[in-house]
Amino acid sequence: MPERLRGFRDFYPEDQEIRREIFDTMRDECRKFGFREVDGPSIESVDLYAHKSGEEIMAQMFNFMDKGGREVTLVPEFTPTLARMVASRKDLIKPLKWYTLAKFWRYEEPQSGRFREFYQLNADILGSDSLHADVEVLNLAGSIMKSLGLGSKVKLKISSRSLLEDIIKYLNIEKKDTLYYLLDRWVKINEKDKENLIGELGISKEKLESIITGKIINELKSSNLDRLMKIMDEFNEYGTIKIELDLKIVRGLAYYTSTVFEIWDLEEKMRAIMGGGRYDNIISQMNGDYTPAVGFGMGDAVVENLLKREGLWYEKDKRRVFISIADDKGRKYSYYVSKMFRENGIITDVNVTERNLGKQIEYAAKMGFKYSIILGEREFSNKNVSIRDLITGEQWSMSLEEAINKLKNS
RNA sequence: GCCGGGAUGGGGUAGCGGUGUAUCCUUGGGGACUGUGGAUCCCCGGACCCGGGUUCAAAUCCCGGUCCCGGCCCCA
């Protein structure tokens, strides 16, 4: 049997129905916040990602040569596409609030919460440098968590690249990259490596720890700090999920300019559920007008892991009605009955086998249908339907109209 | 790209050099039952990841690969 490609997933109905519902929830929340849906290509030229140049990046893209000799890649993230879309349309009225839920690809080793193909929701506000845009984006993320039932299971961790710059100046740190690395890795690396890296920075362990704990902000005067505190205040004003300052949030992307944030499960056992921040420069870097922007990406894999852990991942089979057919007259009649049901919004399955009636009802019961409609010569000549409750075993005869009413309200 | 641990019917498993037509449960198909159920009984289908090697003999031991789970790197 041919095998599925490494890191790719099949989605069978029992899972796909849940995924569909989760995605619908995400889209609904975006729309409620006034975001409009966009989409982009699945393949882009690798040049689009040149701002993150380096062989490491190439190694992690799903890139290949197309038949015209172009170096292309399956899109690894949405933001560069978004920036291109915005940069090439000068007529767009700002600010823009856009979202997309699409597939993305990364050529990496699969592991928990990470695949080579994944879905990601992106929501961005473009054309406002106000902190209120940051707040709005964060409120959307918080609302999505809440409506997924994860409101009390997660927290938002927030920091600011520009605030970190202020701290770097304040402490006279020259090796900025080392500090970023150290903050990002803090919970992962061992004591020895920590000592060495702190030594490289040329600051005391106490100072570094005051960054880790966030206490350093008490001895600092900075407009970037004020801005961040204001964002946190306003986020709490709206009130969806917990928020905390965490200067360890760095994020790898080169294009973030100030606010950066992530959502984590409370115990921080998993990967970040969502990540994002403010990126004010990439659109102008693509020769567009200066367009400050803030947004986030939320992958499907970690959300799925968390929902499963919290027992919120359960079947969503919406089918309730199965039409069983007793004879040829019943078969003919079933086309009319099923059509009437469906036109009235009742999800209706119908027997498509030559099985005898007993087998049909057995099938319907096994599949978890609540009702079986039985149609045969009797029903046809009486102009009614027989309806059997497969859970209680009760059975009634009623007119088609009565049946439609009963099924619509059940 | 690197490092662990795995892989036996659709799912879950037993077997860990010979006793084998590979165990058990479950699932699937059919029948007993031509207008009524998941029970019961009967029948049927379905697996040792792939390729080399060791051996008289390999599901079992060895090597390589593939895939899965997890970790590193990286994180968009």
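When reading the values below, keep in mind they use all heavy atoms of this one structure, side chains included, and skip hydrogens, waters and symmetry mates. Order of the sequence lines fixes the chain letters, A, B, ..., with proteins taken first and strands second; residue numbering starts at 1 for each chain.
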I'd like a table of atom pairs between the protein and nucleotides 36-42 of chain B - only N or O on both sides, under 3.5 Å - with the distance next to each one.
from  : atom 1 : to       : atom 2 : distance (Å)
B:U36 : O2     : A:Arg388 : NE     : 3.3
B:U36 : O2     : A:Arg388 : NH1    : 3.1
B:U36 : O2     : A:Gln395 : OE1    : 3.1
B:U36 : N3     : A:Gln395 : OE1    : 2.9
B:U36 : N3     : A:Gln395 : NE2    : 3.0
B:U36 : O4     : A:Gln395 : NE2    : 2.7
B:G37 : N7     : A:Arg388 : NE     : 3.0
B:G37 : N7     : A:Arg388 : NH2    : 2.7
B:G37 : O6     : A:Arg388 : NE     : 3.2
B:G37 : O6     : A:Asp389 : O      : 3.2
B:G37 : N1     : A:Leu390 : O      : 2.4
B:G37 : N2     : A:Leu390 : O      : 2.6
B:G38 : OP1    : A:Glu362 : OE1    : 2.9
B:G38 : O6     : A:Leu390 : O      : 3.3
B:G38 : N1     : A:Ala365 : O      : 2.9
B:G38 : N2     : A:Ala365 : O      : 2.6

If I take atom [atom1] in residue [X] and atom [atom2] in nucleotide [N], what distance separates them, rounded to the nearest angstrom?
{"X": "A:Tyr363", "N": "B:G28", "atom1": "OH", "atom2": "C1'", "result": "12 Å"}
{"X": "A:Arg355", "N": "B:G35", "atom1": "CZ", "atom2": "P", "result": "17 Å"}
{"X": "A:Asn122", "N": "B:C75", "atom1": "CG", "atom2": "P", "result": "18 Å"}
{"X": "A:Gln360", "N": "B:G35", "atom1": "CD", "atom2": "P", "result": "11 Å"}
{"X": "A:Arg185", "N": "B:C72", "atom1": "CZ", "atom2": "P", "result": "9 Å"}
{"X": "A:Asn356", "N": "B:G30", "atom1": "CG", "atom2": "P", "result": "9 Å"}
{"X": "A:Asp184", "N": "B:C72", "atom1": "CG", "atom2": "P", "result": "12 Å"}
{"X": "A:Glu262", "N": "B:A76", "atom1": "CD", "atom2": "C1'", "result": "12 Å"}

Determine the sole option in [options] for which the side chain to side chain contact (heavy atoms under 4.5 Å, CB included) test with [X] is passed.
{"X": "A:Arg309", "options": "A:Met270, A:Glu304, A:Lys153", "result": "A:Met270"}
{"X": "A:Asn384", "options": "A:Met398, A:Arg378, A:Glu379", "result": "A:Glu379"}
{"X": "A:Leu82", "options": "A:Leu126, A:Thr100, A:Ile283", "result": "A:Leu126"}

Both distances below 3.5 Å, Watson-Crick or wobble geometry, any strand: find the nucleotide opposite [N].
{"N": "B:G17", "answer": "none"}
{"N": "B:A58", "answer": "none"}
{"N": "B:G64", "answer": "B:C50"}
{"N": "B:C75", "answer": "none"}
{"N": "B:G4", "answer": "B:C69"}

Would you measure the distance from the [atom1] atom in [N] across to the matching atom in [M] and give it in whole Å?
{"N": "B:C67", "M": "B:C49", "atom1": "C1'", "answer": "8 Å"}
{"N": "B:C50", "M": "B:A58", "atom1": "P", "answer": "15 Å"}
{"N": "B:U60", "M": "B:G15", "atom1": "P", "answer": "15 Å"}
{"N": "B:U8", "M": "B:U23", "atom1": "C1'", "answer": "11 Å"}
{"N": "B:G29", "M": "B:U21", "atom1": "C1'", "answer": "22 Å"}
{"N": "B:C41", "M": "B:G4", "atom1": "C1'", "answer": "50 Å"}
{"N": "B:A14", "M": "B:G6", "atom1": "P", "answer": "14 Å"}
{"N": "B:G12", "M": "B:U34", "atom1": "P", "answer": "37 Å"}

Side-chain donor/acceptor contact of A:Arg114 with base of B:C75 under 3.5 Å: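 Side chain to base: pair found, below 3.5 Å.
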Under 3.5 Å, is there any donor-acceptor pair linking the side chain of A:Gln60 to the base of B:A76?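 Donor-acceptor pair under 3.5 Å: yes.
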Just the table, please: protein N/O against nucleotides 69-71 of chain B N/O, every pair under 3.5 Å.
from  : atom 1 : to       : atom 2 : distance (Å)
B:G70 : OP2    : A:Ser112 : N      : 3.4
B:G71 : OP2    : A:Ser112 : N      : 3.2

Identify whether NZ of Lys or CZ of Arg in A:Arg355 sits under 6.0 Å from the centre of the six-membered ring of A:Tyr363 and within 45° of that ring's axis.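 That pair qualifies as a cation-pi contact.
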Quiz item: cation-pi between A:Arg116 and A:Tyr107, 6.0 Å / 45°: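 Positive - A:Arg116 is close enough to the ring of A:Tyr107 and near enough to its axis.
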Reported OG1-to-NZ distance for the pair A:Thr348 and A:Lys339, which is rounded to 0.5 angstrom: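 Here the rounded value is 13.5 Å.
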Would you kindly say whether A:Trp264 and A:Glu262 are connected by a side-chain donor-acceptor distance under 3.5 Å?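 Yes.
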Quick one: label A:Gly295 by what it contacts on the DNA or RNA (base, sugar-phosphate, nothing), any heavy atom closer than 4.0 Å.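 Contact class for A:Gly295: none.
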Taking the nucleotide of RNA chain B with the nearest heavy atom to each, does A:Gly275 or A:Phe8 sit closer to the 5' end?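 Whichever sits nearer the 5' end wins; that is A:Phe8.
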A:Asp300 pairs by side chain to side chain donor-acceptor pair (under 3.5 Å) with which of A:Gln120, A:Lys103, A:Arg9?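 In the set A:Gln120, A:Lys103, A:Arg9, the residue that makes a side chain to side chain donor-acceptor pair (under 3.5 Å) with A:Asp300 is A:Arg9.
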Could you tell me whether A:Tyr371 and A:Phe322 have their ring centroids closer than 6.0 angstrom?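 No, too far apart.
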Should the pair A:Asp280-A:Arg278 be classified as a salt bridge under the 4.0 Å nitrogen-to-oxygen rule?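 A salt bridge is present here (some side-chain N lies under 4.0 Å from a carboxylate O).
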Just jot down the ring-ring contact (aromatic ring centres under 6.0 Å, His included) partners of A:Phe115, sequence neighbours excluded, or say none.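 ring-ring contact (aromatic ring centres under 6.0 Å, His included) check on A:Phe115 returns nothing, list empty.
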